[in-house]
There are 2 protein chains.
Amino acid sequence: MKLRDENKINRIYKATLTLVKQNGLAGTTMQAVAKEAKIATGTLYIYFENKESLVISLFNECIKESAAVVFKDYEMSAPFKVGFRTIWLNVLKHKVSHFDQTIFLEQCFHSPFIDDNTRAEAKKLLLPLRELLERGKMEELIKDIDTFWLVSFMIGYANEIAKRITYHKKKLTMETLDINFQICWDGIKA
Amino acid sequence: MKLRDENKINRIYKATLTLVKQNGLAGTTMQAVAKEAKIATGTLYIYFENKESLVISLFNECIKESAAVVFKDYEMSAPFKVGFRTIWLNVLKHKVSHFDQTIFLEQCFHSPFIDDNTRAEAKKLLLPLRELLERGKMEELIKDIDTFWLVSFMIGYANEIAKRITYHKKKLTMETLDINFQICWDGIKA
DNA sequence: TTTATAAATGAATAAAAATTCATTTAACTT
DNA sequence: AAGTTAAATGAATTTTTATTCATTTATAAA
């Protein structure tokens, strides 16, 4: 009996991300995904019921992976600014190094595949970040404004930098990180 | 002789924007566009050779409109911060009030329809903004870092706010504008 | 009015993409 | 080594979407 190859799912995911980055969700066909993943078209349908299912599974995978990365190396006990920097750099580095995921997620939010419910679920993963920001406000280190705007600011900015770096073939050097974190910190600090 | 109705083109554009915001470029069919614009499918092809042509025309239209808006009410003679605020608010207000365009442009950048050349042309429209920022650096009012990052920051942030406001059904009140401009200004000021 | 001209229509066709399935292949069991 | 099972294949089919075109309708000029 031939065993189902879990690794193949990753090949399919990878292929999908590559193609969506290149051509958008609009321009990505199942045939193309299969070809890119070096499998037959039919094989795709062994692993995923249909295109919608593939997109939704990959969406959840990306959300999960991205959430896992945010709090890497974060120490509750460290000073607020240190913790904030760690998290912001985690977000930025991840968005740059997995840029295809960044674009895929963006495309998903305006696709017929992802509904409001899925969107809402995805949002929940940012809860720990919101808590960190509440702490910063408590300690009077950052502006006392609706956390909503603070989150928008740090995530949105990281997103934009990731795009710019990729499109303009910039490198994510330590200098680049420092410059941008400085802007980010000055923006939110009290 | 029946005259070609230029206004119909706007109806088609409007319909396309509405549908792309809802379903993405992926989920937007010519049939659906025609129906939304309340015309027959065939009529669409009188005005646009094919789907690609429709998308590219609309892309150029959006870019043009957005460029026209940026410098509204801007006075060269005003102090730098005043000018900067005017422009930033113009960008933000436009992105919020024409959110369908914001999304359409975003989708275009990852579609098979828009090529690198078109992208580069679009970028040129930000030139006056770059010049303003150079002036700010000269006057030592803002951070002396690559203009590239400053533009990323102000445009990217406006983009993100527009998304957040729309998705979370927030209103663009004067308070909201002030809060966010404060963050933006603190971020770039020297 | 009548005629000429171009726009508008939408069903028909072509093209592209999604999905299926009969057949083959690979890996495990006895 | 033979038998069994499930994965893999890719051509064939179905479904969806883009595009065409013969016909109708509206407008302007004669």
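Within every chain, numbering begins at 1; the chains are lettered A, B, ... in the order of the sequence lines, protein sequences first and strands thereafter.
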Visitor: Between B:K51 and A:L44, which is nearer to the 5' end of DNA chain D once each is assigned its nearest nucleotide?
Guide: A:L44
Visitor: In whole angstrom, what separates A:M30's CE from C:dT19's P?
Guide: 6 Å
Visitor: Checking A:D115 against A:T118: is there a side-chain donor and acceptor pair closer than 3.5 Å?
Guide: yes
Visitor: Tell me the interatomic distance from B:Y47, atom OH, to D:dT20, atom C1', rounded to whole angstroms.
Guide: 18 Å
Visitor: What is the distance, to the nearest angstrom, from the CD1 atom on B:I9 to the P atom on C:dA7?
Guide: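 Result: 11 Å.
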Visitor: Assign each of B:T41 and A:E49 to its nearest nucleotide of DNA chain C by heavy atoms, then name whichever residue's nucleotide is nearer the 5' end.
Guide: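 In this pair, the answer is B:T41.
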Visitor: CG of B:L54 versus P of D:dT17: gap in Å, rounded?
Guide: 16 Å
Visitor: Can you check whether A:T43 has a side-chain N or O nearer than 4.0 Å to OP1 or OP2 of D:dT9?
Guide: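 Yes.
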Visitor: Which nucleotide wins on minimum distance to the side chain of B:I39, given the candidates D:dG10, D:dA18, C:dT9?
Guide: C:dT9
Visitor: Grab the NZ-C1' distance between A:K35 and D:dA8 for me, whole Å please.
Guide: 19 Å
Visitor: So that I can tick it off, tell me whether B:D178 and B:R85 are bridged by a salt bridge, with the cut-off set at under 4.0 angstrom between side-chain N and carboxylate O.
Guide: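 Between B:D178 and B:R85 there is a salt bridge, with a charged N closer than 4.0 Å to a carboxylate O.
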Visitor: C:dA18, C:dA7, D:dT9: which one has an atom nearest the side-chain heavy atoms of B:I46?
Guide: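 Looking only at side-chain atoms, B:I46 lies closest to C:dA7.
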Visitor: Atom CG of B:L25 to atom P of D:dA18: distance rounded to whole Å?
Guide: 10 Å
Visitor: Ignoring the backbone of A:Y45, work out which of C:dA18, D:dA8, C:dA8 is nearest its side chain.
Guide: C:dA18
Visitor: Can you figure out which of C:dA18, C:dA7, D:dT19 approaches the side chain of A:Q31 most closely?
Guide: C:dA18
Visitor: Atom NZ of A:K38 and atom C1' of D:dA8: how far apart are they, to the nearest Å?
Guide: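 It works out to 17 Å between those atoms.
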Visitor: Kindly say if A:K8 contacts the phosphate of D:dA7, meaning a side-chain N or O under 4.0 Å from OP1 or OP2.
Guide: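 No, A:K8 has no side-chain N/O under 4.0 Å of OP1/OP2 on D:dA7.
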Visitor: Is A:K143 salt-bridged to B:D186, cutoff N-O under 4.0 Å?
Guide: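 So A:K143 pairs with B:D186 through a salt bridge.
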Visitor: Would you mind reporting whether A:F84 and A:I188 have side-chain heavy atoms less than 4.5 Å apart?
Guide: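 The answer is yes; the side chains approach within 4.5 Å.
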Visitor: Would a line drawn from the ring center of B:F148 to the ring center of B:F153 be shorter than 6.0 Å?
Guide: no
Visitor: Figure out the CD/P separation between A:E52 and D:dT16, and round it to whole Å.
Guide: 13 Å
Visitor: From the list D:dT17, C:dA8, D:dA8, which nucleotide is the closest neighbour of the side chain of B:T29?
Guide: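 The answer is D:dT17, which lies nearest to the side chain.
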